[in-house]
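Residue numbers start from 1 in every chain, and the chains themselves are labelled A, B, ... in the order their sequence lines are given, proteins ahead of strands. These figures come from a predicted structure and were not determined experimentally.
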Protein chains: 4
Amino acid sequence: MNRHSAEPRRRGKPLKERDQPAVAAENGVSRRGGDKRERILDAAVHVFAHKGFWSSKISEIAREAGVADGTIYLYFKSKDDLLISLFEDRMERVNDTLAAAMASSDNAADKLRRFVQTHLQLVAANRDQAEVLTVELRQSSKFIKEYANPRFAQFLKLLATVIEEGQAKGELSTRVRPVLAARALFGAVDELALWWVLRGDPRENLERAAGELCEMFLGGLAPAASAGASQATELPANVKRRVP
Amino acid sequence: MNRHSAEPRRRGKPLKERDQPAVAAENGVSRRGGDKRERILDAAVHVFAHKGFWSSKISEIAREAGVADGTIYLYFKSKDDLLISLFEDRMERVNDTLAAAMASSDNAADKLRRFVQTHLQLVAANRDQAEVLTVELRQSSKFIKEYANPRFAQFLKLLATVIEEGQAKGELSTRVRPVLAARALFGAVDELALWWVLRGDPRENLERAAGELCEMFLGGLAPAASAGASQATELPANVKRRVP
Amino acid sequence: MNRHSAEPRRRGKPLKERDQPAVAAENGVSRRGGDKRERILDAAVHVFAHKGFWSSKISEIAREAGVADGTIYLYFKSKDDLLISLFEDRMERVNDTLAAAMASSDNAADKLRRFVQTHLQLVAANRDQAEVLTVELRQSSKFIKEYANPRFAQFLKLLATVIEEGQAKGELSTRVRPVLAARALFGAVDELALWWVLRGDPRENLERAAGELCEMFLGGLAPAASAGASQATELPANVKRRVP
Amino acid sequence: MNRHSAEPRRRGKPLKERDQPAVAAENGVSRRGGDKRERILDAAVHVFAHKGFWSSKISEIAREAGVADGTIYLYFKSKDDLLISLFEDRMERVNDTLAAAMASSDNAADKLRRFVQTHLQLVAANRDQAEVLTVELRQSSKFIKEYANPRFAQFLKLLATVIEEGQAKGELSTRVRPVLAARALFGAVDELALWWVLRGDPRENLERAAGELCEMFLGGLAPAASAGASQATELPANVKRRVP
DNA sequence: GATGAATGAGGCTTCATTCAT
DNA sequence: AATGAATGAAGCCTCATTCAT
């Protein structure tokens, strides 16, 4: 999966087209020009994650990115735009990664497992980013409301589609509407991510958590023996099918 | 259900150590003091919900509460304190309500159903409050981190305990650790709530959504064939019963 | 003429009606409240006059007015608003004064003389204010264009009306349209004012200049003997009245 | 009339003491250097006229001139210098044109008429330039004070000299000092120009206005019959000529 | 206890100017 | 000479908080 190696489409236009590095670095990484936008985004991820959007100061992001305050405004229209750009940029990578992870399986249940696993892996690998995406953006009515978030919608759509297809193929129960299931699954995973990110218990094994979560979502909380004990009343309630 | 009849513990000390109502109302209505504090909290819920914490101005809350700006500082130490107090105050009511709702059932699955139903009912009945509790507080690392939230912990504990007890009594599968399951369930419900609160689709039937969510959590997403007696009708219901 | 002793109608509302001095000063001038708007306007006149609008800093005006920076924003919406308010406020006084000066005469030529005299007296008595009204406001396209200035229009109207009436009564030549004549007269007087204000030759006798200006406007530059060779055609052109 | 064929004296030294055209055009068109400087000045006239000096951005002028931001600093020391250079440059042309227009007449009154006519023609033909010269420069104390304007002085001197000579030859009344008369006349014409420029009533016939203005200045506002009634005091002062 | 005018620290943003290429 | 990305000083304005009344 190579998608997001591609040039990160910029919102805050770097002023005038210049898509090849200003100068082909002799060999090294050419600290000159091209990577500035990226450095600013990285700094923003870090600062936003630690201070929160509202308490973060542009000057701090600038310092962390090693640029002047004003430079940020060459790449982003405003502090808001920086957050949104960050979201779009990173979210796209996440979506791409998740889509790719699920693509390599043809089984709905498996796809969901991969989704959860990959999501939590991403979180573990990019704590700061996860915190910003999870916490900062969700938060602000301002962004969620006034900026109807296409990337996030896409993210959910990904899940919903998998579920829908799974249902169509009979691989998943049709008792729950796909959108709702997707939303719930996302909420659960996201909550775990948030938990891990905020409390940051390093001992917690995200891998294992991901596994349990999948079990629960696929198999249900009801005891295996009577998957659906909850409906016991509705059932003849004898069949002890599911054996562990 | 009597929850907030208890004196609302104030964080922002009401100035001049006065912990008994300014006018100790033997039994009467104690209009005075508690009144104003409550009006401020209500106003804060409303304003925070609509503008978000950072964009809300103390003066606006004051106007909405019908008091002077300065008055707010007689009841709360700071804007931060106002948010935290609000959270403590409202969260306690929520916890009480949820606890009460679950108490009236002795069956784990049922308790969970009641939890989900009641939670979403509360959300539907108190949109603004739900938005603040769900969105604003979650958001701010500042609050979640620096202010290790006892009410929220209590909230989760409630769920986890039910699950734990259910597992102990064999009413729930033990494949998932209680805390994790609680967290996931909360995340899912919360996400639905957020969805409803933000997108605010009034056509969406929260009641129904709650039902589906429970199905999913208890019965699992795996096809009814193995899980779901509840779908017996939909299925030939014999085959393919998921063996681990 | 007592007009502008009246309360200066405020644009930047002093926040909440309070038209009586907050506190009836024992006897003195009660440095408390009421005069703050006025002090800010005075400071603004002074600073704008010396630095020009764009080079003036709010903080300097605040310092000069003896208030905090933020206080200015309790009385004026913005720096722009401060300038405009200043203009409205002071211009109204000027208009009132000029109208009053002209009112006490029933002869068009005399009215014009009084206009010129009074205008230049006002300038001499309020250099800073004159500079701001003359220079700063004229200047900024922003203000002259985007803010179609009613006070200034009124000012010119005053003059034009006098000329029109003078023409109607045969006291003034009808060779020039009133509006144009008014504009020209204003331009001339204003230029003199500007000259005096900027170069500030204190030796220059504004009184005398006013006299000469009137002579010129009423009698023309053409030599008295032929009061208007240019108008020879219009005249019996015999009368050699005026003897040098 | 050859005015600006003379090398445009640059204030902002064209970088690296190069005072001869980069490409010394023996006689040819000297395209190079002068070209760019001129384009920048033209752009500046346009932008200053539309936005005002303080609201104009160097980058906008650069864009309009088709050069890079930095290039402007090869020709002008600073933004201020650009305005002043512009003033010097354009004012010189204006002065030359006016001087030439007046030179072709030997009669003082005629010279004045030509002055007024030509001035207003120039205004009509170069609105933007007129706006900058009239509005922007007049305005800023900064420029009028700190930069005692030689071109403008020359401009007035031109007028004053004509009047003085007219008076000496008995062609003009001596009741008014030449400088004052010049100033007044300029003020009047300038005000008309400003009026036309800002309100920009295209229907207004500047030609006609010029005519009326001359009438007024030469013949006076007093009714033709008694051109000079205003000097009654200087007269035998009995005659009640003025009849309605 | 209430009030609300006053405070003033602080941050986002602009934009003239520089300088490496 | 020309470029234009980068700089960073500076200012308007906001708004939580205080305190005299």
Q: Return the value, rounded to whole Å, for the distance between atom CG of B:L74 and atom C1' of E:dT3.
A: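 Nearest whole value for this atom pair: 9 Å.
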Q: Verify, without hydrogens or angle tests, whether A:K36 (side chain) and A:A65 (backbone) share a donor-acceptor contact under 3.5 angstrom.
A: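 No, the answer is negative, given that no donor and acceptor are paired below the 3.5 Å cut-off.
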Q: Are any of the side-chain nitrogens in B:E131 or B:K51 under 4.0 Å away from the carboxylate oxygens of its partner?
A: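 Answer for the salt bridge query: no.
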Q: Which base sits across from F:dA20 as a Watson-Crick or G-U pair, both distances under 3.5 Å?
A: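 Paired with E:dT3.
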Q: Taking the side chain of C:Y73 as heavy atoms from C-beta outward, which of E:dT13, F:dT14, E:dT17 is closest to it?
A: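 Taking heavy atoms from C-beta onward, the closest nucleotide is F:dT14.
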Q: If you pin D:S56 and A:D69 to their nearest nucleotides in DNA chain E, which one's is more 5'?
A: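 The answer here is A:D69.
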Q: B:D80 CG to F:dA16 P: how many Å, rounded?
A: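 Checked: the CG to P distance equals 10 Å.
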Q: If we only count heavy atoms from C-beta on, is the A:V132 to A:F87 side-chain gap below 4.5 Å?
A: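 No, every pair of side-chain atoms sits at 4.5 Å or beyond.
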Q: Output the rounded distance in Å from CD1 (B:I72) to C1' (F:dC19).
A: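 Nearest whole value for this atom pair: 17 Å.
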Q: Let me know the distance between NZ of C:K77 and C1' of F:dC12, rounded to the nearest Å.
A: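 Result: 16 Å.
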Q: Side-chain N or O of C:K36 less than 4.0 angstrom from OP1 or OP2 on E:dA6?
A: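 Yes.
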Q: Among E:dG8, F:dC15, F:dA6, find the nucleotide with the atom closest to the side chain of C:A68.
A: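 Between E:dG8, F:dC15, F:dA6, the one nearest the side chain of C:A68 would be E:dG8.
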Q: Rounded to the nearest Å, what distance is computed from the CD atom of residue C:E60 to the P atom of nucleotide F:dA10?
A: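 Rounded to the whole Å, the gap is 14 Å.
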Q: Using the closest heavy atom to pick a nucleotide of DNA chain F for each, name whichever of C:K57 or A:G70 lands nearer the 5' end.
A: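 Here A:G70 is the residue nearer the 5' end.
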Q: Tell me whether A:K57 contacts the main-chain N or O of A:S55 through its side chain, where contact means a donor paired with an acceptor under 3.5 Å.
A: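 Looks like yes, one N/O pair under 3.5 Å.
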Q: To the nearest Å, how far apart are C:K51 NZ and F:dG11 P?
A: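 Atom NZ in C:K51 sits about 10 Å away from atom P in F:dG11.
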Q: May I have the distance from D:I61 (atom CD1) to E:dC15 (atom P), rounded to whole angstrom?
A: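 Going from D:I61 (CD1) to E:dC15 (P), I get 12 Å.
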Q: Does D:Y75 make a side-chain N or O approach to OP1 or OP2 of F:dA2 shorter than 4.0 Å?
A: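 Yes, such a contact exists.
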Q: Take the protein atom CH2 of A:W54 and the nucleotide atom C1' of F:dT14, then report the distance between them rounded to whole Å.
A: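 For the pair A:W54 CH2 and F:dT14 C1', the rounded distance is 12 Å.
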Q: Where is the tightest heavy-atom contact between A:D69 and A:S59, given as atom of each residue plus distance?
A: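 Heavy atoms only, the tightest pair is OD2-CB, 3.3 Å.
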Q: With respect to the phosphate group of F:dA6, does any side-chain polar atom (N or O) of A:T71 fall under 4.0 Å of OP1 or OP2?
A: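 No, because none of the side-chain N or O atoms of A:T71 sits under 4.0 Å from OP1 or OP2 of F:dA6.
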Q: Of the options E:dT13, E:dT3, F:dC12, whose atoms approach the side-chain atoms of A:K79 most closely?
A: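 Given the options E:dT13, E:dT3, F:dC12, the side chain of A:K79 is closest to E:dT13.
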Q: Of C:G66 and B:V67, whose closest DNA chain E nucleotide lies nearer the 5' terminus?
A: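 Of the two residues, B:V67 wins.
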